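Okay, structure first, notes after.
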Amino acid sequence: MARKSAVRMMRVYAGALSVAALLAVVPGSNAVSADQPEAAEPVAARAAQAAEGKPRPDARHVVIAVHGGAGTALKREDTTPAQEKAYRDGLAEALRAGQKVLREGGGSVAAVEAAVRGLEDDPLFNAGKGAVFNEDAGHELDASVMRGSDLAAGAVAGVRNVRNPVSAARLVMEKTKHVLLAGEGADDFAARNGLPAVTQDYYWTEKRWQELMKAKGHAKSPGETLTQGTVGAVAVDGKRDLAAATSTGGMTNKMAGRVGDSPVVGAGTYAKNGTVAASATGAGEVFLRGAATATISDLIEFGGRDLAGAAYEVLVERLPRLGGTGGVIALNAQGVFDAPHSSEGMLHGYLTEDGRLVTKVFADESPANR
């Protein structure tokens with residue numbers, strides 16, 4: 001009761017991855033960017049195949065992948081070396097956090113949780129610290145986790161005092177008979193189960209405040225929002241079990257109480273061992289209406305599509321017809337990975353069994369409609 005009261009007091013005060021292969025991986029080794037020669041040829045080959053109507057996966061033998069949001073991509077001419085490094089480092093550290101879990105024999109659920117927690121703690125990304133503001137200048141965060149072996153899932157929506165919503169989502173999956181908890185009840189559940197609680201000011205960053213001012217027409221300078229938000233991870237462990245997780249602060253200037261696709265199983269997150277683990281980012285309402293991640297799984301299971309073909313169809317062909325763009329990271333139990341997106345760009349990266357780490361932050365590293 002004391003913890004529950006403390007959480008409420010803070011609200012008032014704030015104002016409102018095989019195993020043997022993994023064991024050989026050295027954290028931080030073989031880190032490359034997609035614009036290096038060894039990665040450039042596959043980009044061109046994939047583009048040619050897509051033009052022929054035969055999408056090709058981005059990579060094989062992947063054990064974990066992450067994304068940091070889809071939307072307006074970083075442009076080389078407008079990005080300083082320090083900014084590029086910060087985004088690549090953020091994605092790489094998240095991948096290494098998940099890699100560490102897998103290398104030590106942990107499961108895919110723990111790996112995606114660790115990766116997403118890293119992104120939630122990085123203020124560059126729209127999740128946890130650095131979450132966007134809603135119309136009332138508050139923060140409401142959403143997250144979900146799904147386990148591919150048995151379709152177990154957990155999610156939280158509209159939380160205001162949880163430092164790491166993805167961990168709360170995992171607790172919902174493992175400690176309740178429910179799938180989704182929302183609002184105050186979700187905050188209290190997280191606190192009762194020992195997750196760190198924070199006040200609203202923890203999430204604040206100047207960048208997100210200026211984005212709110214721009215959205216409301218009060219910005220002193222135009223500025224630019226680099227991503228539509230949302231972070232996520234997909235992984236396969238030594239037992240070949242899949243998992244996916246997604247977390248977000250939502251949309252800048254969203255209505256108070258608005259919930260997007262990120263905490264919704266089958267929309268923002270899905271994992272099923274026989275098909276795919278997927279985490280989405282983009283226009284949440286469209287991903288909800290299109291049941292994006294579940295549709296990718298269904299096209300594989302019932303439509304006989306391969307992973308790249310299914311993901312491409314949903315992200316590049318179907319969802320834009322509904323009026324929205326975005327991207328997805330998709331991984332199967334054989335380590336086939338793809339990251340198609342209809343938005344201008346999508347921040348993402350992946351790590352393979354042999355320790356090759358790739359991050360993609362510029363638009364020309366992963367062209368739109370790919």
Side-chain angles (χ1 to χ4, degrees), residues 17 25-44 46 57-102 111-112 114-127 130 226-235 245-247 279-281 326-331 335 337-341 343-368 370:
L17 165 237
V25 175
V26 178
S29 66
N30 301 318
V32 300
S33 61
D35 58 327
Q36 291 181 293
E38 64 179 339
E41 186 279 330
V43 170
R46 288 195 302 273
D58 279 8
R60 299 181 184 276
H61 310 296
V62 170
V63 294
I64 186 165
V66 298
H67 70 75
T72 303
L74 289 169
K75 297 178 177 63
R76 294 180 187 275
E77 61 272 22
D78 300 327
T79 305
T80 68
Q83 290 172 326
E84 176 187 356
K85 183 177 186 301
Y87 277 99
R88 292 199 191 278
D89 285 352
L91 295 171
E93 288 306 309
L95 288 166
R96 291 182 183 119
Q99 173 196 30
K100 184 176 186 295
V101 172
L102 296 170
V112 295
V116 170
R117 281 177 64 100
L119 294 168
E120 288 176 338
D121 290 343
D122 189 329
L124 285 174
F125 302 99
N126 175 22
L226 292 176
T227 69
Q228 292 176 345
T230 306
V231 303
V234 292
T246 309
S247 180
S279 174
T281 170
V328 69
I329 52 173
L331 179 69
F337 170 74
D338 200 23
H341 55 93
S343 56
E344 181 181 354
M346 180 171 69
L347 303 171
H348 67 284
Y350 60 83
L351 193 149
T352 63
E353 288 182 356
D354 62 3
R356 180 169 180 261
L357 192 159
V358 175
T359 59
K360 299 186 181 186
V361 300
F362 291 122
D364 57 12
E365 293 178 317
S366 56
R370 174 44 236 126

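Source: prediction; values computed, not measured.
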Item to check | side-chain contact (heavy atoms from CB on, under 4.5 Å) between K360 and D58, intermediate numbers included | outcome: CA-CA 11 Å; K360 299 186 181 186; D58 279 8; 4.0 Å; yes

Checklist entry - Should T80 and K85 be marked as a side-chain contact (heavy atoms from CB on, under 4.5 Å) after you check the CA-CA gap, both sets of side-chain angles, and the distance that decides it? => result CA-CA 9 Å; T80 68; K85 183 177 186 301; over 6 Å; no

Checklist entry - Could you walk me through whether Y350 and L357 pass the side-chain contact (heavy atoms from CB on, under 4.5 Å) check? => result CA-CA 6 Å; Y350 60 83; L357 192 159; over 6 Å; no

Item to check | side-chain contact (heavy atoms from CB on, under 4.5 Å) assessment of V361 paired with L91 | outcome: CA-CA 9 Å; V361 300; L91 295 171; 3.9 Å; yes

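Screening V328, T230, L347 for a side chain to side chain contact (heavy atoms under 4.5 Å, CB included) involving H67 leaves a single residue, T230.
When all heavy atoms of A70 and T281 are compared, the pair lying nearest together is N-OG1, 3.0 Å. Closest of all the heavy-atom pairs between A339 and I329 is CB-CG2, 4.2 Å. Pairing each heavy atom of I64 with each of A115, the nearest pair is CD1-CB, 4.1 Å. For the pair T79 and K75, the tightest heavy-atom approach, listed with the atom from each and the gap, is OG1-O, 2.7 Å. The heavy-atom pair separating L119 from A94 by the smallest distance is CG-CB, 3.7 Å. Here the closest heavy-atom approach between residue A233 and residue V66 is recorded as CB-CG1, 4.0 Å.
Of the possible donor and acceptor atoms, none in the side chain of T246 sits under 3.5 Å from a partner among the backbone N and O of S279.
Expressed to the nearest 0.5 Å, how far CG of L74 lies from CZ of R88 amounts to 9.0 Å. Once rounded to the nearest 0.5 Å, the distance linking CD of E93 with OG1 of T359 reads 11.5 Å.
For the pair N126/V231, no side-chain contact is recorded, criterion being any heavy-atom separation below 4.5 Å from C-beta on. Proximity of D354 to H61: side-chain heavy atoms (C-beta onward) are nowhere separated by under 4.5 Å.
Applying the side-chain hydrogen bond (donor to acceptor under 3.5 Å, both in side chains) rule to H341 yields the partners S366; only residues at least two apart in sequence or on another chain are considered. The side chain to side chain contact (heavy atoms under 4.5 Å, CB included) search around A114 returns A97, V101, not counting sequence neighbours. Partners of S247 by side-chain hydrogen bond (donor to acceptor under 3.5 Å, both in side chains), not counting sequence neighbours, listed by chain and number: E120. Taking D122 as the reference, nothing meets the salt bridge (charged side-chain N to carboxylate O under 4.0 Å, His left out) condition, with sequence neighbours excluded.
Ring geometry, H348 versus F337: the interplanar angle falls from 30° to 60°, so the pair is classed tilted.
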